[in-house]
Amino acid sequence: MYPRIRAALDDIPAYVPGKSGAGLVKLSSNENPFPPLPGVLERATAAAATMHRYPDLAATELTAELSRFLSVPQEFLAVGTGSVGVLQQIVQSVASVGDEVVYPWRSFEAYPITTRIAGASVVEVPLAPGARLDLRALADAVTERTTLVLVCSPNNPTGPAVRRDEFAEFLSRVPEDVLVVLDEAYVEFVRDPEAVNGLDFLAAHPNLCLLRTFSKAYGLAGLRIGYAVAHEPVAAAIRKCAVPFGVSTIAQLAAIESLHCQDAMRERVAAVVAERERVRGALLAQGWAVPETEANFVWLATGARTAEFAAACRESGLLVRPFGDDGCRVSIGEPRENDLFLAAALMQA
Ligand SMILES: *Cc1c(COP(=O)(O)O)cnc(C)c1O
């Protein structure tokens, strides 16, 4: 006999981390192929000397820096343990048993998990052709029980970004008492001038919350730090749901130092974007259907061949990320790693 566990947890798919393997090229977790930005490792290492102290609970200095960087009031910010940690706080803030959380599918794996942990019901809205989000269908799926809609742009794992005009229409259709989260984990990689940037919509929409992270463009995935930007009452609610002292001093100072490296960050992101375009072009030339991508990965709709394709990549020394019978997501790595992947894909084409 074991203690009773909440039945809501039975339906929760375990988060499948991108696999690691000694000697294998890891293109399975959308990590940044570059090491920490200049000066970041030194600042983080120095911060480690204070590990006998609790961190600053309010992340005061980082919040002030982000406020200046984004031109938003400090009260609009909530820093947390990665944007997934912040997402968990958001869901806890607005959704519980009896509430519905609407999100696209397939999209980010954390959405069903965090929703179910909160005890809320999931409403999954299929993607539109081109593996794009269907913003109209997302708005149509909102009911009186909906408290939260999650929008992922660019969409993980498929790649396309939401356009500004679709997002404007969507916001005009969602009731003002329903929170809309725009997950912008890959915003720095976006090049489409028509793509949405959440900051442009924030002032006019008190029910909008942006989710951003230091894990991708800034390369701090292992330190767990991200943040939400939302109007004061929403941000305050999110802050209440934080694990106390969850964001370490090391993470806070590394994030501050990383923010100071805009030029180096943009240079690295530009290199990844150039590789993304090269890889997608080569895959299209091989005959694969690859959706547009504004992120640091490409999506191959391998369907029933998904497991086989991932296994073949592994034979070639590459870890990619298979998703059921839908497709494989492959992160953009260093040029040499991308060449290995293109060679492996050609053998499967
Ligand atoms: C990678 C990713 C995140 C970031 O997660 P962290 O917890 O900040 O590392 C958030 N949303 C999406 C869609 C992602 O792909």
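We count ligands from 1, going down the list as the structure has it; atoms in each ligand are counted the same way.
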Considering only protein heavy atoms, which is closest to atom 5 (O) of ligand 1, and at what distance to one decimal place? Ser83 OG, 3.4 Å
For the residue pair Phe323 and Trp299, does the interplanar ring angle fall in the parallel (under 30°), tilted (30 to 60°) or perpendicular (over 60°) class? tilted
Does an N or O from Asn156, backbone or side chain, lie closer than 3.5 Å to an N or O of ligand 1? yes
When distances are taken from atom 7 (O) of ligand 1, the protein heavy atom at minimum range is Arg224 NH2, 2.5 Å
Can the ring centres of Phe108 and Tyr103 be said to be less than 6.0 Å apart? no
Do me a favour and list the nearest non-hydrogen protein atom to atom 13 (C) of ligand 1 with residue, atom name and distance? Asp183 OD2, 3.3 Å
Taking atom 2 (C) of ligand 1 as the reference point, the nearest protein heavy atom with its distance: Lys216 NZ, 2.4 Å
Salt-bridge contact Glu194-Arg164 (side-chain N to carboxylate O under 4.0 Å): no
So, Arg280 and Glu292, do they make that salt bridge, N to O below 4.0 Å? no
Under 4.0 Å, counting heavy atoms only: does Gly82 come that close to any atom of ligand 1? yes
Should Val84 be counted as touching ligand 1, given the test is an N or O pair under 3.5 Å? yes
Please identify which atoms of ligand 1 are closer than 4.0 Å to at least one heavy atom of Cys152. 13 (C)
Tyr186-ligand 1 polar pair, N/O distance under 3.5 Å: yes
Looking at Arg136, I want to see if its CZ is surrounded by more than 12 non-hydrogen atoms of other residues, nucleotides or ligands under 6.0 Å. no
Run the numbers for me: atoms of ligand 1, each under 4.0 Å from some heavy atom of Ala185, listed by number. 2 (C), 3 (C), 10 (C), 11 (N), 12 (C), 14 (C)
Parallel, tilted or perpendicular for Trp288 and Phe309, by the 30°/60° rule? perpendicular
Among all the protein's non-hydrogen atoms, which is closest to atom 9 (O) of ligand 1, and how far away is it? Ser215 OG, 2.6 Å
Scan side-chain atoms only and decide if Asp325 and Thr306 contain a donor-acceptor pair under the 3.5 Å cut-off. no
Would Tyr111 count as a polar contact of ligand 1, with the cut-off being nitrogen or oxygen pairs under 3.5 Å? no
Side chains of Pro104 and Leu127: closer than 4.5 Å at any heavy-atom pair? yes
